[in-house]
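Each remark here refers to the structure printed beneath this line.
Both backbone and side-chain heavy atoms feed into the values below; hydrogens, waters and symmetry mates do not.
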Amino acid sequence: MSDPMSAPVRAGAGEIVNAGREQVHVVEEGPADGPPLLLSSGLGGAWFDWRPSVDLLRARNRVIAFDRPGLGLSPAAVAAPTLRREAAILAALAERAGRPVIAVGHSMAGFHVEALARLRPDLVRGLVLVDPSYEPDPHAFVRFAAVAAPLAAAAGAALAATRLAKVLGPLGRREVLKRTSRRDEPVPDSVVRSVYGRGTVLGTVIAEDAAYREQAADLLRLRERRPFPAVPLVVLTALGDVKGEDKKRAWSEGHARLAKMTPYGSQVDVPDSRHMVQLDRPDAVADAVAEVLRAKETV
């Protein structure tokens, strides 16, 4: 039997794979024997959010981008979005990669890749947090994400049935991108419409938003129980869309605290980038990955 790690990975070849109890759309590029990178998008994101960064990373790395259940081209979720579910999906994809990954998480996905590192340190070579969500004092006094998920799915189905999803989804994506990036979409409009015109995607965005506070609170409790492993970590801080010097200082200081989770952590301010750093400054993402790879050699 041939070694699967010696086979080339087809550029941009997407497939649906089982990840725990869910199915997710996965796109792999780059040499199969390169260091595996696992890219996870922020709230409501899609695999193509990483396109400019992947273009810089795929020559030397095995780049694995995926869509969480219900997002992008992934089928609808089986379970509600929780921190444990997201960490389990990441763990399954890391195991599929065959060796420890550099987990790269944007925004809310910063919660997920940190949880992976704490729960399954054997699967993690290092982390890059791309303008990650940071909550200094998260609380979820009322936990309703499990109830909200089926309601959100029903709302998405209704939007699909009335064909409103085909209008509201792409429009909402455009408005969000205007505020979070200086660039246009990295893929043709037809791809954006085919993804964000899905009622399933809109319902999932609602469900993820409802689960945000609970996931932040769950991560706080996880930090109390599970230490962060001694692996390299780079935190990228975008300041281009943060209004006011006080807010910029608070955002940067929060990210500095994340970088201190490990003695091998560092923080890089990216003042000219908005929140979608992987679009605005893909070079910063590529440099952060390279820094983690260099640091791991000395750890």
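Hydrophobic clustering keeps V113 apart from L220 (ILVMFWY residues linked when any side-chain heavy atoms are closer than 4.5 Å, directly or through intermediates). There is no path of hydrophobic side-chain contacts, each under 4.5 Å, that joins L279 to L37. The cluster map of Ile, Leu, Val, Met, Phe, Trp and Tyr, joined by side-chain heavy atoms under 4.5 Å apart, puts L293 and V285 in the same cluster. Hydrophobic clustering (ILVMFWY, side-chain heavy atoms < 4.5 Å, transitive): Y196 and L168 are in distinct clusters. Hydrophobic cluster membership is shared by V128 and V54, with clusters built from Ile, Leu, Val, Met, Phe, Trp and Tyr side chains linked at under 4.5 angstrom.
Among residues two or more places apart in sequence or in another chain, the side chain to side chain donor-acceptor pair (under 3.5 Å) test is passed with D287 by none. In this structure S107 satisfies the side chain to side chain donor-acceptor pair (under 3.5 Å) test together with H275, sequence neighbours excluded.
Within the 4.5 Å cutoff, the side chain of L236 has no heavy atoms near those of the D131 side chain. Counting heavy atoms from C-beta outward, R179 and V176 have side chains that approach closer than 4.5 Å. Taking 4.5 Å as the limit, some side-chain heavy atom of T200 sits within range of a side-chain heavy atom of T204. Between W50 and V104 the shortest side-chain heavy-atom distance falls below 4.5 Å. Looking at L93 and V24, their side chains come closer than 4.5 Å, going by heavy atoms from C-beta outward. Residues P121 and V231 are not in side-chain contact: their nearest non-hydrogen atoms beyond the backbone lie 4.5 Å or more apart. The side-chain heavy atoms of W47 and L39, taken from C-beta on, include no pair separated by under 4.5 Å. A 4.5 Å side-chain heavy-atom check between W251 and K247 finds every atom pair outside the cut-off.
Other residues, nucleotides and ligands place more than 12 heavy atoms under 6.0 Å from the CZ atom of R223. For K166, the NZ atom is loosely surrounded, since the number of other residues' heavy atoms within 6.0 Å does not exceed 12.
The OG1 atom of T237 lies 11.0 Å from the CD atom of E253; values are rounded to the nearest 0.5 Å. To the nearest 0.5 Å, the span separating OG on S252 from CD on E245 amounts to 11.0 Å. A distance of 11.0 Å separates NE2 of H255 from CZ of R257, quoted to the nearest 0.5 Å. Distance check, rounded to the nearest 0.5 Å: OG of S273 to CZ of R183 gives 10.5 Å. Atom NE2 of H106 sits about 10.5 Å away from atom CG of L43, to the nearest 0.5 Å. With rounding to the nearest 0.5 angstrom, the CZ atom of R96 is 14.5 Å from the CG atom of L123.
Listed here is the closest heavy atom pair of L258 and S133: CD1-O, 4.5 Å. Across every non-hydrogen atom of L233 and L129, the tightest pair is CD1-CG, 3.8 Å. In this structure, V292 and G126 approach most closely via the heavy-atom pair CG1-CA, 3.8 Å. Of all heavy-atom pairs spanning D269 and P271, the tightest one is O-CD, 3.4 Å. Here the shortest heavy-atom pairing between A115 and L219 reads N-CD1, 4.3 Å. When all heavy atoms are compared, the tightest approach of A284 to V277 is CB-CG1, 4.5 Å.
Without hydrogens or angle criteria, S181 side chain to L177 main chain gives no donor-acceptor distance under 3.5 Å. Of the possible donor and acceptor atoms, one in the side chain of R182 sits under 3.5 Å from a partner among the backbone N and O of D272. E208 places a side-chain N or O within donor-acceptor distance of the main-chain N or O of G44, the cut-off being under 3.5 Å. Between the side chain of Q215 and the main chain of F111, no donor-acceptor pair closer than 3.5 Å is present. Under a 3.5 Å cut-off, the side chain of R62 and the backbone N or O of A97 do form a donor-acceptor pair.
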Q278 vs S41, side chain to side chain donor-acceptor pair (under 3.5 Å): CA-CA, chis, key distance, verdict: CA-CA 10 Å; Q278 63 271 53; S41 297; 5.2 Å; no
Side-chain donor-acceptor distances from residues 71-89 under 3.5 Å, at least two apart:
residue: S74; atom: OG; partner: H25; partner atom: N; Å: 2.7
residue: S74; atom: OG; partner: D67; partner atom: O; Å: 2.7
residue: T82; atom: OG1; partner: R85; partner atom: N; Å: 3.0
residue: R85; atom: NH1; partner: A79; partner atom: O; Å: 2.7

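Between R68 and E22 there is no salt bridge, since no side-chain N of the basic residue sits under 4.0 Å from a carboxylate O of the acidic one. By the 4.0 Å N-to-carboxylate-O rule, R118 lies close enough to E114 to be salt-bridged with it. Contact check on E175 versus K178 returns a salt bridge, with a Lys/Arg side-chain nitrogen under 4.0 Å from an Asp/Glu carboxylate oxygen.
Applying the salt bridge (charged side-chain N to carboxylate O under 4.0 Å, His left out) test between R173 and each of D184, D49, D189 identifies D49 as the sole match.
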